[in-house]
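Numbering of residues begins at 1 and proceeds along the displayed sequence. Being a predicted model, the structure only gives us computed values, none of them experimental.
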Amino acid sequence: RTAIIWNATSCSALRTLVFDVDVECASVTHQERVVTCSEGGECALWDTSRFEQIGVPTVRGVWGLELFPSGTRVLSWGRVPVAWVWDGTTGEVTCELRGHAAAIDVGRVFPDEERVLTGSRDGKAIIWDLRSCAPLHVYRHSDWVIDAVVLAGGRSIAALSLPEGLVVWSGDLGERWRMRVASRPEEPGDLSALAAFPAGDRLILWGLRAPAVLIVDAATGALLHRLAHSSSFLYEAVVAPAGDIVVACGSGGV
């Protein structure tokens, strides 16, 4: 029930924010602002210079946040079929994105900051125009969209849907390619997370029960590498900014 701000140079805690409920997610905006969202899905905006709460966005059911590259706005989504874009300084909601019919599991901001992507359990991945707060493109999948990323500077997107697999869509031109992904053939549904390499040329896939991390070519879907992992459960995988190192963390502290 805490959010801790750390000094990354000395690895020491600068300040601890204490809450009455569990903290579901948190992020840092510009001008020394921190946003936190509780287990119940309510969010708050904090001024870290004074460590005071300065805003409460009118959002609910939040379990995920994505910060805009400029740090001026926040995209939030969660257990209700609505996503919100709000000001990272005041907490004021600037866009309410309605178009899904089920909980939203992923949100992504395009590099131009004029569009966002959401993926839902209703099988839809939607690109939204933030000038009108309306859908630009709707990509339909056979089932739950569990993760998605923006590729090639916003010219295409990749969506992971089970049992459909990984589908890459190119703007408004439709589907480019798809693949049924599995780190082992007997368990086609064990991959449940997706990320893009910084250059946008490769994708990395992993999952809680997956014994390996997969790296695939974003243009063709070809499997480039299969990185075996010794852990029973795989919790997270990240790519270094240079794109030359992958770090995967699993059960047992491995």
Determine, using the 4.5 Å side-chain heavy-atom cutoff (strictly less than), whether Val74 and Leu45 are members of one ILVMFWY cluster.
yes
Rounded to the nearest 0.5 angstrom, the OG1-CG distance for Thr2 and Asp22 is 10.0 Å
Closer than 3.5 angstrom, by distance alone: can the side chain of His225 be matched with the main-chain N or O of Leu227 as a donor-acceptor pair?
no
Closer than 3.5 angstrom, by distance alone: can the side chain of Ser161 be matched with the main-chain N or O of Trp144 as a donor-acceptor pair?
yes
Between CG of Leu75 and CH2 of Trp77, what distance do you get to the nearest 0.5 Å?
5.5 Å
Kindly indicate whether the side chain of Leu14, heavy atoms from C-beta on, has any atom under 4.5 Å from the side chain of Asn7.
yes
Side chains of Leu130 and Arg73: closer than 4.5 Å at any heavy-atom pair?
yes
To the nearest 0.5 Å, what is the distance between CD1 (Ile4) and OG (Ser12)?
11.5 Å
Treating Ile, Leu, Val, Met, Phe, Trp and Tyr as nodes and any side-chain heavy-atom pair under 4.5 angstrom as an edge, say whether Leu136 and Val150 lie in one connected cluster.
yes
Between Asp129 and Arg115, is the closest basic N to carboxylate O distance under 4.0 Å?
no
Work out which heavy atom in Ala212 is nearest to a heavy atom in Leu234; give both atom names and the distance.
O-CD2, 4.5 Å
For Leu151 against Ala218, the heavy-atom pair lying closest together:
CD1-CB, 4.3 Å
When rounded to the nearest 0.5 angstrom, what is the spacing between NZ in Lys124 and NE2 in His100?
7.0 Å
Are we looking at SG atoms under 2.5 Å apart for Cys37 and Cys43?
yes
Student check: side-chain heavy atoms of Val82 and Arg98 closer than 4.5 Å:
yes
What one should report as the nearest heavy-atom pair of Ala101 and Pro81 is C-CB, 4.0 Å
Hydrophobic cluster membership, with links at side-chain heavy-atom distances under 4.5 Å among I/L/V/M/F/W/Y: are Val80 and Val35 in one?
yes
What are the two closest heavy atoms between Ile157 and Phe110, and how far apart are they?
CG2-CZ, 4.0 Å
Would you name the heavy atoms of Val149 and Ala195 that are closest together and state the gap between them?
CG1-CA, 3.9 Å
Taking Tyr139 as the fixed residue, which of Leu117, Ile126, Val167, Ile127 is the one that meets the side chain to side chain contact (heavy atoms under 4.5 Å, CB included) rule?
Ile127
Please check if Trp169 and Val145 belong to a single hydrophobic cluster, counting links between Ile, Leu, Val, Met, Phe, Trp and Tyr side chain heavy atoms closer than 4.5 Å.
no
Do the side chain of Ser192 and the main chain of Gly207 share a donor and acceptor less than 3.5 angstrom apart?
no
Roughly how far, to the nearest 0.5 Å, is CG of Leu214 from CG of Leu194?
11.0 Å
Side-chain heavy atoms of Phe197 within contact of Val246, under 4.5 Å
yes
Could you check if a side-chain atom of Ser230 sits within less than 4.5 angstrom of a side-chain atom of Val254, using non-hydrogen atoms only?
yes
Say you draw a straight line from OG1 of Thr36 to CD of Glu24; how long is it, rounded to the nearest 0.5 Å?
11.5 Å
On a heavy-atom basis, the closest approach of Ala237 and Ile204 is CB-CD1, 4.1 Å
Aromatic plane relationship, Tyr235 with Phe233 - under 30° parallel, 30 to 60° tilted, over 60° perpendicular
parallel
Would a distance-only check, ignoring hydrogens and angles, find a side-chain to backbone donor-acceptor pair under 3.5 Å from Thr118 to Gly107?
no
Donor-acceptor under 3.5 Å (Ser120 side chain, Ala102 main chain)
yes
Evaluate the side-chain proximity of Arg108 to Asp147: yes if any heavy-atom separation is below 4.5 Å, no if none is.
yes
Solution key, residues 52-68 side-chain donor-acceptor pairs under 3.5 Å, sequence neighbours excluded:
unit_1	atom_1	unit_2	atom_2	d
Glu52	OE1	Arg50	NE	3.1
Trp63	NE1	Ile104	O	3.0

Among the clusters formed by ILVMFWY side chains lying less than 4.5 Å apart, do Val238 and Leu205 turn up in the same one?
no
